[in-house]
There are 2 protein chains.
Amino acid sequence: MNFDFKDLFAFTKDIFIKIGCPEADAQSATEVLLSADLRGVDSHGVARLSGYVRLWEAGRINPTPNIRIVHETPSTAVVDGDGGLGLVVAPIAMQIAIGKAKNAGTGWVSVKNSNHYGIAGHHALQAVKEDMIGMSMTNASPLVSPTFSKERLLGTNPIAVAIPAGEEPPFVADMATTTAANGKLEILQRKQQEAPTGWVQDKDGNPTNNAFGVKEGGALLPLGGDREHGSHKGYALGSIVDIFSAVLSGANYGPWVPPFVAFLEPDPNPVGEGIGHFFGAMRVDAFRPADEFKGHMDNWIKRFRAAETTPGHKKVLIPGDPERALEIERMENGIPLLEPVQEDLKALGEKLGIPFRG
Amino acid sequence: MNFDFKDLFAFTKDIFIKIGCPEADAQSATEVLLSADLRGVDSHGVARLSGYVRLWEAGRINPTPNIRIVHETPSTAVVDGDGGLGLVVAPIAMQIAIGKAKNAGTGWVSVKNSNHYGIAGHHALQAVKEDMIGMSMTNASPLVSPTFSKERLLGTNPIAVAIPAGEEPPFVADMATTTAANGKLEILQRKQQEAPTGWVQDKDGNPTNNAFGVKEGGALLPLGGDREHGSHKGYALGSIVDIFSAVLSGANYGPWVPPFVAFLEPDPNPVGEGIGHFFGAMRVDAFRPADEFKGHMDNWIKRFRAAETTPGHKKVLIPGDPERALEIERMENGIPLLEPVQEDLKALGEKLGIPFRG
C-alpha cells in the first residue's frame with residue numbers, strides 16, 4: 001500500500017509540532033525524514049518517527065534547542081546541538097559549513113550534543129545547490145565490531161559525498177561503512193532468509209549467516225567482511241567517521257555513543273555530549289571555474305555509464321542513480337510502507353491526536 | 001637479505017641526482033620512496049626506482065619542474081606539478097595545505113600535471129607533526145573495474161588519513177580502495193597461489209581466483225568484491241578519490257590516467273594534464289583545544305586496543321600499528337629486498353654509474 005508524499009509529510013510535521021518543535025524546525029525535520037523514504041532508505045524515514053517520539057518522551061530530546069557555534073576559524077566550526085533532534089541540528093550545521101565555504105573556499109563543521117540525523121546523503125546534497133561538493137557523516141550507536149574484535153565499538157557510521165555535475169544529475173555516494181546496513185538484515189529477517197557471509201558475526205565473534213546474529217548479541221561487520229577481504233579498511237573508515245564526528249567536536253564516541261532506542265539507557269559515564277556529526281562543503285570554483293568542473297564531471301559520468309558490462313548486467317550505475325530513480329517514482333506513485341510501520345504510525349497518531357491518513 | 005636504510009637512501013638519492021633532480025628534490029623524493037620500504041609497502045618503495053628512471057628516459061618526467069599554485073582561496077589551492085616526479089610534487093603540495101590550515105583552519109590542495117607520488121600515508125603524516133589531521137589521496141593508472149563494469153576505469157586510488165594523538169602514536173589509515181592492493185597479488189603470483197574470491201575478475205568480467213587475472217586482461221575489484229558484499233561502496237570511494245584528485249584540479253581521470261609503466265603510451269587524447277592528487281590538513285585546534293583532542297584520541301585508541309578479541313586473534317589493531325612496528329624493526333635490522341629487486345637496482349646502478357652496495 002502506497003502513501004502520498006504530501007499526506008505523509010503533513011502527518012509527520014504535525015507530530016513534530018505536537019511534541020513541541022517550533023514550526024520551522026518541524027518543517028526541517030520532516031524534510032530530512034521524508035527524504036529517506038523518497039530515496040528508498042526506508043529504515044531512516046517515517047519508520048523511525050515513533051522512535052524519535054519515544055526519545056522525546058524519555059526526556060532525551062530538547063524540542064527547543066539553542067543550536068550555536070562554540071568555536072570557529074575562517075573554515076571551521078564546532079556546533080553544539082543543545083540536545084536537539086539531529087534532524088533539526090544537521091541542516092543548520094550544514095548551512096554553517098556552506099556559509100564558511102562561501103568566504104574561505106571550504107567549510108568544515110563538527111557537531112556535538114546532537115541526536116540521530118536521518119539520511120546522510122540528504123545533508124550532503126544541500127551543498128550541491130550552491131555549486132559545492134557536500135560531505136556528511138555521523139557516528140551512531142555501537143553495532144559494529146572492528147576487525148578481530150568481539151565487542152561492538154562502532155556504529156554503522158555512514159559517509160555521504162555529493163558532487164555537482166552539469167547536464168548530468170549529481171554524483172551522490174551515501175554508504176554505511178559496514179558490508180551491509182542494518183536495514184538489509186531486517187529485510188532478510190522478515191523473509192526468514194540467511195545473511196551472506198561477511199555481513200555478521202555471532203556473540204562469540206565467529207562469522208555467521210544468521211540474519212538475527214546482531215539481535216542475538218553479535219555484530220555487523222565492517223565493509224570488507226573479514227581481514228582477507230579488507231575489513232580493516234571498513235574498520236578504518238568507520239573509525240575516521242567516529243573521530244571526525246565526535247573526538248573533534250566533544251561528542252561521545254565508540255562504545256559510549258548513546259543508543260537510539262529509548263529503552264536502553266545511555267552510558268552513565270559519558271566521554272562527551274550526545275552524538276556527533278561532521279559536515280563539509282567545498283566550493284567547486286575554489287579550485288577551477290565551475291563550468292569547467294561541471295563539463296568534466298559530465299564527461300566522467302558519461303564515460304562510466306557507457307562502460308561495457310559484466311555478464312548478466314545491463315549497465316554500470318553512477319552513485320546516486322538508484323536513489324534518484326526511486327525518488328522520481330515515489331513522488332509520482334507514493335511511498336510504500338510495510339504493514340508494521342503503518343500500524344506503528346496509526347498508533348502514534350491516535351496517541352497524539354493526529355489522524356494518520358485522516 | 002637485508003639492506004641498511006642509510007645505504008639504500010644514499011643510493012636512491014644519488015640516482016635521482018644523476019637523472020637531473022636538484023639536490024633538495026632528490027632528498028625529498030628519496031624520503032618518500034624509502035618511507036614505503038620502511039613501512040612495509042614494498043611495492044611502492046625502491047622496487048619502483050627503475051620504473052621512475054624509465055619514465056624519465058622516455059621524456060615523461062620533468063627533472064626541474066616549476067611547481068606552482070595556479071588558483072587559490074584562503075583554504076584551497078590548485079597546484080600545477082609541471083610534469084615533475086610525484087615524489088617531489090606531493091611534499092610541496094602537502095606543505096601548501098598545511099600552510100593554508102595555519103591561517104584558515106584547514107587547507108585543501110588538488111594537484112594536476114603530476115606523476116606517481118609513492119606511499120599515500122607518508123604525505124598525510126606530515127600534517128601530524130603540526131598537530132593537524134592529514135589527508136592524502138591520488139588517482140592512478142586504470143586497473144580496477146567499477147561494479148558491473150568489464151572495463152578498467154579506476155586506479156587502486158588510495159586514501160590516507162593520519163590523526164595525531166597524545167601519549168599514543170598517531171592513527172594512520174592508508175588503504176587502496178580495492179579489496180586488495182596489486183602488491184598482494186604479486187606475492188601470490190610468486191608463490192603460485194590462488195587469489196581469494198572477491199579480489200579479481202577475468203577479462204570477460206567473471207570472478208576468478210587466478211592471481212594472474214589482472215595481467216591477463218582482467219581487473220582488480222573495488223573494496224567489497226561484489227555487489228552483495230558492498231563493492232558499490234569501494235567503487236564510490238575510488239571514484240571520489242579520482243574526482244577530488246583530477247576533476248577538481250584538471251588532471252586526467254578514469255581511463256585517461258597515464259600509465260606508470262614507460263612501455264605503455266599515454267592516451268593521445270588526454271582529458272587533462274598528468275596524474276592528480278588531493279591533500280588536506282585540518283588544524284585540530286580549529287575545532288577544540290589540541291590537548292583536549294589528544295587526550296580523547298588516547299582514550300579512543302586505548303579502548304579499541306583493549307577490546308575483547310574474536311577466537312584466534314590476540315589483539316585489536318589500531319590503523320597504523322603494523323606499519324609502525326615494521327618501521328622500527330626495519331630501521332634497526334635493515335630492509336629486506338626480493339632477489340629480482342636487488343638485480344634490478346644493481347643493473348640500474350651499473351647503467352648510471354652509481355654502485356649498488358659499493
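All values derive from a computational prediction rather than experimental measurement. All chains are named by letter (A, B, ...) in the order of the sequence lines, taking the proteins before the strands, and each is independently numbered beginning at 1.
- Ranked by heavy-atom pairs shorter than 4.5 Å toward chain B, the options Gly198(A), Ala173(A), Pro319(A) are led by Pro319(A).
- Options Ile159(B), Asn103(B), Leu237(B) differ in how many heavy-atom pairs under 4.5 Å they form with chain A, and the most are formed by Leu237(B).
- Contact of Lys315(B) with chain A is made through the backbone alone, with heavy-atom distances under 4.5 Å.
- Note on ring orientation: taking the six-membered ring where Trp is involved, the planes of Tyr235(B) and Phe304(A) are parallel (angle under 30°, cut-offs 30° and 60°).
- With a 4.5 angstrom heavy-atom cutoff, Ala306(B) touches chain A only via backbone atoms.
- Highest contact tally toward chain A, considering only Val316(B), Val78(B), Thr197(B), is held by Val316(B) [criterion: heavy-atom pairs under 4.5 Å].
- Chosen from Lys314(A), Met282(A), Glu292(A), the residue pairing most often with chain B at heavy-atom distances under 4.5 Å is Met282(A).
- Aromatic ring centres of Trp108(B) and Trp108(A): separated by under 6.0 Å.
- Using the six-membered ring where Trp is involved, His296(A) and Tyr253(B) have ring planes that are perpendicular, over 60° apart on the 30 and 60° scheme.
- In this structure, chain A has a heavy atom under 4.5 Å from the backbone of Thr147(B), while its side chain stays farther away.
- Both the backbone and the side chain of Ser239(B) come within contact range of chain A, each with at least one heavy atom under 4.5 Å from a heavy atom of that chain.
- Between chain B and the residues Gly312(A), Pro196(A), Gly225(A), Gly254(A), the largest count of heavy-atom pairs under 4.5 Å involves Pro196(A).
- The NE2 atom of His232(B) sits 10.0 Å away from the CG atom of Leu317(A) when rounded to the nearest 0.5 Å.
- Contacts with chain A were tallied for Ile163(B), Ile243(B), Val284(B); Ile243(B) has the most, counting heavy-atom pairs under 4.5 Å.
- Partners of Ala162(B) according to the side-chain contact (heavy atoms from CB on, under 4.5 Å) rule, which considers only residues two or more places apart in sequence or in another chain, are Ala124(B), Leu125(B), Val128(B), Val172(B).
- Proximity to chain A is limited to the side chain of Val161(B), based on heavy atoms less than 4.5 angstrom apart.
- Salt-bridge check for Arg303(A) with Glu151(B): passed, with a basic side-chain N closer than 4.0 Å to an acidic carboxylate O.
- When each of Thr178(A), Val257(A), Val241(A) is checked for a side chain to side chain contact (heavy atoms under 4.5 Å, CB included) with Asn157(A), only Val241(A) meets the rule.
- Most heavy-atom pairs under 4.5 Å with chain B: of the set Thr310(A), Thr179(A), Val109(A), Val271(A), this distinction falls to Thr310(A).
- Contact of Ala246(A) with chain B is made through the backbone alone, with heavy-atom distances under 4.5 Å.
- Looking at Leu248(B), both its backbone and its side chain come within 4.5 Å of chain A, counting heavy atoms on both sides.
- Between Met135(B) and Phe244(B) there is no side-chain heavy-atom pair separated by less than 4.5 Å.
- With a 4.5 Å cut-off on non-hydrogen atoms, Asp242(B) touches chain A through its side chain but not through its backbone.
- Contact of the Arg152(A) side chain with the Leu220(A) side chain is not registered, since no non-hydrogen atoms from C-beta on lie closer than 4.5 Å.
- No other option in Lys100(B), Met297(B), Lys233(B) has as many heavy-atom pairs under 4.5 Å with chain A as Lys233(B).
- Both the backbone and the side chain of Ile318(B) come within contact range of chain A, with heavy atoms under 4.5 Å apart.
- Side-chain contact annotation: Gln201(A) with Ser145(A), donor-acceptor N/O pair under 3.5 Å present.
- Between Arg283(B) and Met132(B) the shortest side-chain heavy-atom distance falls below 4.5 Å.
- Most heavy-atom pairs under 4.5 Å with chain B: of the set Ile133(A), Asp174(A), Val70(A), this distinction falls to Ile133(A).
- For chain B, the option among Asp285(A), Asn299(A), Val247(A) with the highest count of heavy-atom pairs below 4.5 Å is Val247(A).
- One finds no salt bridge joining Glu168(A) and Lys294(A) here, because no Lys/Arg side-chain nitrogen approaches an Asp/Glu carboxylate oxygen to under 4.0 Å.
- Looking at Arg227(B), the atoms closer than 4.5 Å to chain A (heavy atoms on both sides) all sit in the side chain, from C-beta outward.
- Counted by atom type alone, Thr106(B) and Ser75(A) present one or more donor-acceptor pairs between their side chains at under 3.5 Å.
- Ranked by heavy-atom pairs shorter than 4.5 Å toward chain A, the options Asp204(B), Leu221(B), Ile240(B) are led by Ile240(B).
- Among Gly105(B), Ala77(B), Ala286(B), the residue making the largest number of heavy-atom pairs under 4.5 Å with chain A is Ala286(B).
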